[in-house]
Amino acid sequence: MTEGWAGSGHPGQGACVWTPGTRNTMNLLREVLFKQQFGNQPRVPAPYYRRKTYLCYQLKQRNDLTLDRGCFRNKKQRHAEIRFIDKINSLDLNPSQSYKIICYITWSPCPNCANELVNFITRNNHLKLEIFASRLYFHWIKSFKMGLQDLQNAGISVAVMTHTEFEDCWEQFVDNQSRPFQPWDKLEQYSASIRRRLQRILTVRSQPQSRSPASPRLPRQLQPPHFYHLSSACCLPPPTPFSFLMTPPFGSLSQAFAVPSMSLLIDPFCLFASGLLCGFPDGSDSKESACNAGDLDVIPGSGRSPGEGNG
DNA sequence: ATTTTCAAT
Ligand SMILES: [Zn+2]
């Protein structure tokens with residue numbers, strides 16, 4: 001029985017499974033697909049294509065023996081991370097044995113998936129999960145940043161893919177024709193920039209009110225609740241940051257559940273800097289990303305129109 | 001130096 005990429009048609013549409021002991025029947029990623037989807041360029045190189053989410057995982061024993069590996073893409077609304085969790089759960093791993101799972105993912109997890117991953121790893125203390133993301137998914141939106149923080153607070157290591165991880169991914173998951181990994185232009189430079197951005201996100205800023213020097217970091221149980229768990233719709237990124245300004249009524253979204261406020265979903269500073277809005281009463285996330293321009297902290301829409309860069 | 005990103009047409 002060959003369990004290959006599920007889904008409609010071409011490889012890369014669904015999941016692939018590799019079983020130890022047998023021949024490697026896992027459908028490998030094609031080289032172009034790997035470079036297109038795992039590429040960490042800040043913008044998609046021309047000609048345009050859409051960068052989707054691919055998750056490649058390696059399940060390892062304590063002695064570094066790989067027990068399982070596979071690659072997932074989302075299936076409609078079912079994100080790759082959820083399919084990955086389902087897959088690991090289906091393996092019925094021995095709870096008294098410890099495992100390590102390495103994940104290479106093109107986009108970092110959304111808030112809902114981060115929440116599910118936290119629940120998953122909390123229920124499975126014998127698993128050590130390491131996530132390497134090539135790019136940060138909506139990294140300027142507060143709920144997405146909090147999701148990444150939650151991952152780390154739950155003991156899940158979150159890092160940005162470097163040459164080492166790209167190379168390992170190339171060797172483990174790509175139909176590489178036995179050729180060595182050849183990095184694309186400025187791979188390390190892009191990786192370093194994204195890593196700096198992730199560092200800023202994962203660095204818990206001290207609360208302006210609580211200045212107790214004895215408690216540098218609150219335990220997870222005492223941290224304020226987040227909003228993304230109310231509905232998966234909360235983690236849906238707005239099509240454009242200001243799309244809600246253009247839709248006359250808020251419509252079904254606000255009726256379905258109590259959205260605290262749109263300002264909670266978007267970095268206030270992003271809107272503030274855009275000049276469209278000003279005077280947020282809750283300046284919890286203001287001041288951030290004002291400096292460090294030239295990194296990923298640059299404010300979208302604050303400069304000239306995109307696509308009109310250097311010339 | 002930098003976004004349009006687990007689409008929907
Ligand atoms: Zn997700």
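Every chain is numbered from 1, with letters handed out A, B, ... down the list of sequences.
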Heavy-atom closest pair, residues A/I101 and A/L127: CD1-CD1, 4.2 Å
Short side-chain N/O contact to B/dC6 OP1/OP2 from A/Y137, under 4.0 Å: yes
Atom-to-atom span, CD of A/Q37 to P of B/dT4 - whole angstrom: 14 Å
Minimum-distance pair of heavy atoms, taken over all atoms of A/V158 and A/L148: CG2-O, 4.3 Å
First of A/Q41 and A/T53 reached from the 5' end of DNA chain B, by closest nucleotide: A/Q41
Nearest-Å distance for atom pair NE2/P, residues A/H139 and B/dT5: 13 Å
Spacing of the P atoms in B/dA1 and B/dC6 (rounded, Å): 27 Å
Atom pair distance, as rounded to whole Å: CD1 in A/I141 and C1' in B/dC6: 14 Å
Any A/R43 side-chain N or O less than 4.0 Å from OP1/OP2 of B/dT4: yes
Under 3.5 Å donor-acceptor pair, A/E81 side-chain atoms to B/dC6 base atoms: yes
Residue whose closest nucleotide on DNA chain B lies nearer the 5' end, A/S108 versus A/K186: A/K186
A/Q189 side chain, from C-beta outward: closest of B/dC6, B/dT4, B/dA1: B/dA1
Heavy-atom neighbours of A/R62 CZ exceed 12 at 6.0 Å: no
Nearest-angstrom distance from the residue atom CZ of A/F144 to P of B/dC6: 10 Å
Test item: side-chain donor near acceptor, A/D68 and A/Y57, under 3.5 Å: yes
A/R83 vs B/dC6: side-chain N/O to OP1/OP2 distance below 4.0 Å: no
Minimum-distance nucleotide (side-chain atoms of A/N74 versus B/dA7, B/dT5, B/dA1): B/dA7
Side-chain N,O (A/R50) to OP1/OP2 (B/dT5) below 4.0 Å: yes
Atom pair distance, as rounded to whole Å: CZ in A/F38 and C1' in B/dC6: 13 Å
Spacing of A/K52 atom NZ relative to B/dA7 atom P, expressed in whole Å: 7 Å
d(CG, A/L148; P, B/dT5) in whole Å: 19 Å
Atom-pair distance (OH on A/Y49; P on B/dA7), nearest Å: 17 Å
Polar contact flag, side-chain donor to acceptor under 3.5 angstrom, A/E167-A/T164: no
